[in-house]
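Working notes, beginning with the structure itself.
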Amino acid sequence: MHQHVEWDEPGSASVAEYFKNDPDHQAPDPGDIISARYQGAMVRIKVEAYREDDAVSIGEVAAIIDANGGRHKTHGELEVGHIVRVPDDKSAMATAPKED
């Protein structure tokens, strides 16, 4: 069973919006890493499956990274290792850590 997550809106970093006019863009494959935002943190997910009928990636949380680039095992109710679902419209471009 997967952990229910209320993903943050990706805003201008939306993968779906970025590729909406690119017919060659492919859905994630098993083993791919995708990103989504959760309570201000960047979450990396290793895709295990993709459901085309509802445009959702299912995978394991591989990393939780704060805005300064710090890595965490937990954030809110989310933990590294949780299985989550990420709708395409919540997937976000990975962002680099902020420089001081």
Side-chain angles (χ1 to χ4, degrees):
M1 188 151 120
H2 68 277
Q3 174 74 23
H4 178 74
V5 177
E6 292 292 332
W7 300 107
D8 297 350
E9 290 297 327
S12 62
S14 170
V15 171
E17 187 66 23
Y18 184 82
F19 287 109
K20 76 178 182 181
N21 295 321
D22 183 356
D24 295 327
H25 180 68
Q26 302 288 320
D29 289 318
D32 287 351
I33 302 292
I34 63 171
S35 298
R37 294 183 180 157
Y38 173 67
Q39 298 181 352
M42 180 61 65
V43 180
R44 304 279 167 79
I45 299 103
K46 183 175 181 182
V47 175
E48 295 178 1
Y50 183 78
R51 292 179 43 123
E52 285 190 46
D53 57 329
D54 54 358
V56 170
S57 295
I58 302 167
E60 180 178 345
V61 174
I64 301 171
I65 305 166
D66 67 28
N68 296 314
R71 292 180 174 262
H72 303 273
K73 296 282 185 193
T74 64
H75 183 70
E77 295 185 17
L78 190 63
E79 296 179 13
V80 170
H82 275 165
I83 302 299
V84 297
R85 296 168 49 93
V86 182
D88 282 355
D89 65 346
K90 299 294 183 175
S91 184
M93 300 288 188
T95 54
K98 292 180 181 175
E99 299 285 330
D100 288 335

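The line from CD of Glu9 to CG of Asp89 is 7.0 Å long, rounded to the nearest 0.5 Å. Taking CZ of Arg71 as the start and NZ of Lys73 as the end, the distance is 10.0 Å to the nearest 0.5 Å.
Pro10 approaches Arg37 most closely through the heavy-atom pair O-NH1, 3.3 Å. Taking every heavy atom of both residues into account, Arg44 and Ile33 meet most closely at CB-CG2, 4.0 Å. Residue Ala62 comes nearest to Lys46 through the heavy atom pair CB-N, 4.4 Å, listed as atom of the first residue, atom of the second, then distance. Looking at every heavy atom in both residues, Ala63 comes nearest to Val80 through CA-CG2, 4.3 Å.
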Under the side chain to side chain contact (heavy atoms under 4.5 Å, CB included) rule, what do Met93 and Val15 come out as? Steps first, then yes or no, please.
-> CA-CA 6 Å; Met93 300 288 188; Val15 171; 4.1 Å; yes
Can you check side chain to side chain contact (heavy atoms under 4.5 Å, CB included) on Thr74 and Ile64, steps first, answer last?
-> CA-CA 7 Å; Thr74 64; Ile64 301 171; 5.5 Å; no
His82 and Glu60: side chain to side chain contact (heavy atoms under 4.5 Å, CB included), yes or no, with the steps?
-> CA-CA 6 Å; His82 275 165; Glu60 180 178 345; over 6 Å; no
Decide side chain to side chain contact (heavy atoms under 4.5 Å, CB included) for Val84 and Val43; before the verdict, give the C-alpha distance in whole Å, the side-chain angles of both, and the deciding distance to 0.1 Å.
-> CA-CA 11 Å; Val84 297; Val43 180; 6.0 Å; no
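The backbone N or O of Asn68 lies less than 3.5 Å from a partner atom in the side chain of Asp66, making a donor-acceptor pair. In terms of modelled atom types and a separation under 3.5 Å, the side chain of Trp7 and the main chain of Arg85 share a donor-acceptor contact. One N or O on the side chain of Asp8 and one on the backbone of Gln39 form a donor-acceptor pair closer than 3.5 Å.
Contact of the Lys90 side chain with the Tyr38 side chain is not registered, since no non-hydrogen atoms from C-beta on lie closer than 4.5 Å.
For Ala55, the side chain to side chain contact (heavy atoms under 4.5 Å, CB included) criterion is met by Tyr50, Asp88, not counting sequence neighbours. The side-chain hydrogen bond (donor to acceptor under 3.5 Å, both in side chains) check on Ser14 picks up nothing, with sequence neighbours excluded.
Counting heavy atoms of neighbouring residues, nucleotides and ligands inside a 6.0 Å radius, atom CD of Glu48 exceeds 12 of them.
No path of Ile, Leu, Val, Met, Phe, Trp and Tyr side chains, each step under 4.5 Å between heavy atoms, connects Val56 with Ile34, placing them in separate hydrophobic clusters. At a threshold of 4.5 Å between side-chain heavy atoms, the hydrophobic network of Ile, Leu, Val, Met, Phe, Trp and Tyr places Val86 and Ile65 in two separate groups.
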